[in-house]
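Structure provided below as C-alpha cells; questions to follow.
Both backbone and side-chain heavy atoms feed into the values below; hydrogens, waters and symmetry mates do not. Numbers here simply count residues along the sequence, with the first being 1.
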Amino acid sequence: MEIGTMLRNKRKMLGLTQDQFIHGIISKSFYSKVERGLNEISAKDLFAILEANNINLNDFINNAGSTSKSDRLKVEILVAFNNKNKHEVQELNKKI
C-alpha cells in the first residue's frame with residue numbers, strides 16, 4: 001500500500017474532507033495527487049499532516065497492514081531523514 005493510499009484510508013476513517021485533513025499545509029490539488037499516487041509527499045509535509053491530525057507516526061505505519069516492503073522502507077527512510085540520522089538513511093538506501 002502506498003503512502004497516498006495510507007493517507008486516504010486514514011482521512012476517510014477520521015471522516016474528514018481533503019481540506020480538513022491537510023489543514024492548509026499543502027494545496028488540495030497537490031494532496032489529491034498524493035492520494036492517487038501521482039505525486040510524492042515530502043517527509044516534512046507528511047509529518048506535519050500527521051501531527052495536525054494527532055496521528056502518531058508509528059501508529060500510522062503499523063496500521064498500514066498490507067504495506068509492501070518498498071513502501072515500508074520509504075516511510076522508514078522518511079523517519080530517519082526527519083530525525084537527521086544520516087547513517088540509518090544510508091543503511092535503508094542499501095536495502096532498496
Does Arg11 have any salt bridge (Lys or Arg N to Asp or Glu O under 4.0 Å) partners at least two apart in sequence or in another chain, and if so, which?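 Partners of Arg11 under the salt bridge (Lys or Arg N to Asp or Glu O under 4.0 Å) test: Glu35.
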Between Asn39 and Lys33, is there a donor-acceptor pair closer than 3.5 Å when you use the side chain of the first and the backbone of the second?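 A pair under 3.5 Å: no.
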Take atom CD of Gln20 as the centre, draw a 6.0 Å sphere, and report whether it contains more than 12 heavy atoms from other residues, nucleotides or ligands.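 Above 12, so yes.
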With rounding to the nearest 0.5 Å, note down the distance linking CD in Glu51 to CG in Asn56.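 If we round to the nearest 0.5 Å, Glu51:CD and Asn56:CG are 11.0 Å apart.
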Distance, nearest 0.5 Å, that separates CD of Glu2 from CZ of Arg36: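 Between atom CD of Glu2 and atom CZ of Arg36 there are 13.0 Å.
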Taking all non-hydrogen atoms of both residues, which atom of Ala52 and which atom of Ile25 are closest, and how far apart?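 Reported closest heavy-atom pair: CB-CD1, 4.0 Å.
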Indicate yes or no: at least one non-hydrogen side-chain atom of Val34 is less than 4.5 angstrom from one of Glu40.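 A side-chain contact under 4.5 Å is absent here.
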Out of curiosity, Leu57 CG to Phe47 CZ, how far, rounded to the nearest 0.5 Å?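 Output value for this atom pair is 5.0 Å.
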From Asp45 CG over to Leu7 CG, what is the distance, rounded to the nearest 0.5 angstrom?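 Those atoms lie 11.0 Å apart.
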With rounding to the nearest 0.5 angstrom, report the CE to CD1 distance, Met6 to Ile55.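 Reported to 0.5 Å precision, the distance equals 10.5 Å.
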Expected output: side-chain Glu88 to main-chain Asn85 donor-acceptor under 3.5 Å: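 No.
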Take Ile22 and Lys28 through the test side-chain contact (heavy atoms from CB on, under 4.5 Å) and record every step on the way to the result. CA-CA 8 Å; Ile22 60 175; Lys28 182 180 174 184; 4.3 Å; yes
Quick check for you: to the nearest 0.5 Å, what is the distance between Lys10 atom NZ and Phe60 atom CZ?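 Rounded to the nearest 0.5 Å, the NZ-CZ separation comes out at 8.5 Å.
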Evaluate whether atom CD of Gln90 has more than 12 neighbouring non-hydrogen atoms of other residues, nucleotides or ligands under 6.0 angstrom away.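 Count over threshold, so yes.
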What are the two closest non-hydrogen atoms of Ile41 and Phe30, and how far apart are they?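 Shortest heavy-atom contact: CA-CE2, 4.5 Å.
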